[in-house]
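First up is the structure itself, then whatever we jot down about it.
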Amino acid sequence: MIRKAIYPGTFDPVTFGHLDIIKKAKDLFDEIIVTVAVNPTKHPLFTLEERLDLLKKSLHDYENVYVDSFNGLVVDFAREVGAVSIIRGLRAVSDFEYEFQMALMNRKLASEITTVFLIPHEKYTYLNSTIVRNLASLQSDVSDFVPPAVQSAIREKFSK
Ligand code: COA
């Protein structure tokens, strides 16, 4: 049996912190589906198609990792693809309350699916996509935080 996990998020844009979580997750499961949330509560800088494209470009070397998108409940998508786990990253204590609440709600909705928390390298503790967008909007170099494909895409966004 292939053990699949999904890694849901907004990925606006994908950062080295996300890639670090994916690297760890792909060694624990046979297949990882990185799934981009349409997420109507957020107003992303990158369109869904752009976020999918940047993930695909950033993950082309990863054999057992696939990219997809979903609209609706995370657990519905997990069931649809036959995943046994939902991967989430925990960067700091500040992430805990939100993540704990989401994991409990997902367990209530689908008790057969287990949330697995992974801790990224401490050098990514302070990193999130908002910081990357802010730095890029001020023409600051973001090469330490995002893969090359994202670097050029975000530079282009803010040069318009
Ligand atoms: N490294 C760097 N940054 C990271 C990170 C990591 N390892 N993990 C998370 N982040 C950052 C993201 O960049 C993002 O930053 P931003 O807010 O500045 O843009 C932030 O942490 C939160 O990101 P994300 O993991 O994408 O969570 P989210 O809250 O945007 O979306 C979903 C999480 C997709 C699961 C959720 O919102 C969703 O859409 N759920 C569907 C509805 C549902 O199922 N509800 C029931 C369950 S409660």
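None of the values given here were measured: they were computed from a predicted structure. Atom set for the values below is all heavy atoms of this structure, side chains included, hydrogens, waters and symmetry mates excluded. This chain uses plain numbering: 1 for the first residue, then up along the sequence. Both ligands and their constituent atoms are indexed starting at 1 by order of listing.
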*Nearest candidate to atom 28 (P) of ligand 1, where distance is taken over non-hydrogen atoms, out of V146, I87, T10*: T10
*Touching ligand 1 at all, Q101? Heavy atoms, strictly under 4.0 Å?*
no
*Tell me which part of Y98 gets within contact of ligand 1: side chain, backbone, both or neither, using heavy atoms under 4.0 Å.*
side chain
*For atom 22 (C) of ligand 1, find the nearest protein heavy atom and state the residue, atom name and distance (0.1 Å precision).*
K42 NZ, 4.1 Å
_Parallel, tilted or perpendicular: which one describes the rings of F145 and Y126, with boundaries at 30° and 60°?_
perpendicular
*Take V67 and Y62 through the side chain to side chain contact (heavy atoms under 4.5 Å, CB included) test and state the conclusion after the steps.*
CA-CA 11 Å; V67 178; Y62 296 47; over 6 Å; no
*Among all protein heavy atoms, pick the one closest to atom 13 (O) of ligand 1 and tell me residue, atom and distance.*
S129 OG, 2.6 Å
_Can you classify the ring geometry of F100 versus F96 as parallel (below 30°), tilted (30 to 60°) or perpendicular (above 60°)?_
parallel
_Donor-acceptor contact present, side-chain S85 to main-chain T114, <3.5 Å_ = yes
_Heavy-atom distances under 4.0 Å decide this one: backbone, side chain, both or neither, for N106 against ligand 1?_
side chain
_Closest protein heavy atom (residue, atom, distance) for atom 18 (O) of ligand 1_ = T130 OG1, 2.3 Å
*Which of the atoms in ligand 1, numbered in the order shown and given with their element, are less than 4.0 Å from a heavy-atom of I21?*
7 (N)
*Heavy atoms only: which of L73, L45, V75 is nearest to atom 43 (C) of ligand 1?*
L73
*asked:* Evaluate D12 for polar contact with ligand 1, using N/O atom pairs at a separation under 3.5 Å.
replied: no
*Counting heavy atoms only, which of G72, G17, A37, G9 is nearest atom 42 (C) of ligand 1?*
G72
*Mind checking whether R91 has an N or O less than 3.5 Å away from an N or O of ligand 1?*
yes
*L52 versus E49: any side-chain heavy-atom pair under 4.5 Å?*
no
*For ligand 1, the portion of T15 having any non-hydrogen atom under 4.0 Å away*: side chain
_Any donor-acceptor pair under 3.5 Å linking the side-chain atoms of S152 with those of R155?_
no
*Indicate yes or no for a side-chain donor-acceptor contact from N64 to the backbone of K26 under 3.5 Å, with no hydrogens or angles considered.*
yes
*asked:* Within this structure, what is the CZ-NZ distance for the pair F16 and K23, rounded to the nearest 0.5 Å?
replied: 8.0 Å
_Checking the N or O distance criterion of under 3.5 Å, is ligand 1 in contact with G89?_
no
*For atom 40 (N) of ligand 1, what is the nearest protein heavy atom, given as residue, atom name and distance?*
V74 CG2, 3.6 Å
_R133 side chain to D12 backbone, donor-acceptor under 3.5 Å_ = yes
*Taking K4 for the side chain and V81 for the main chain, is one N or O donor matched with an acceptor at less than 3.5 Å?*
yes
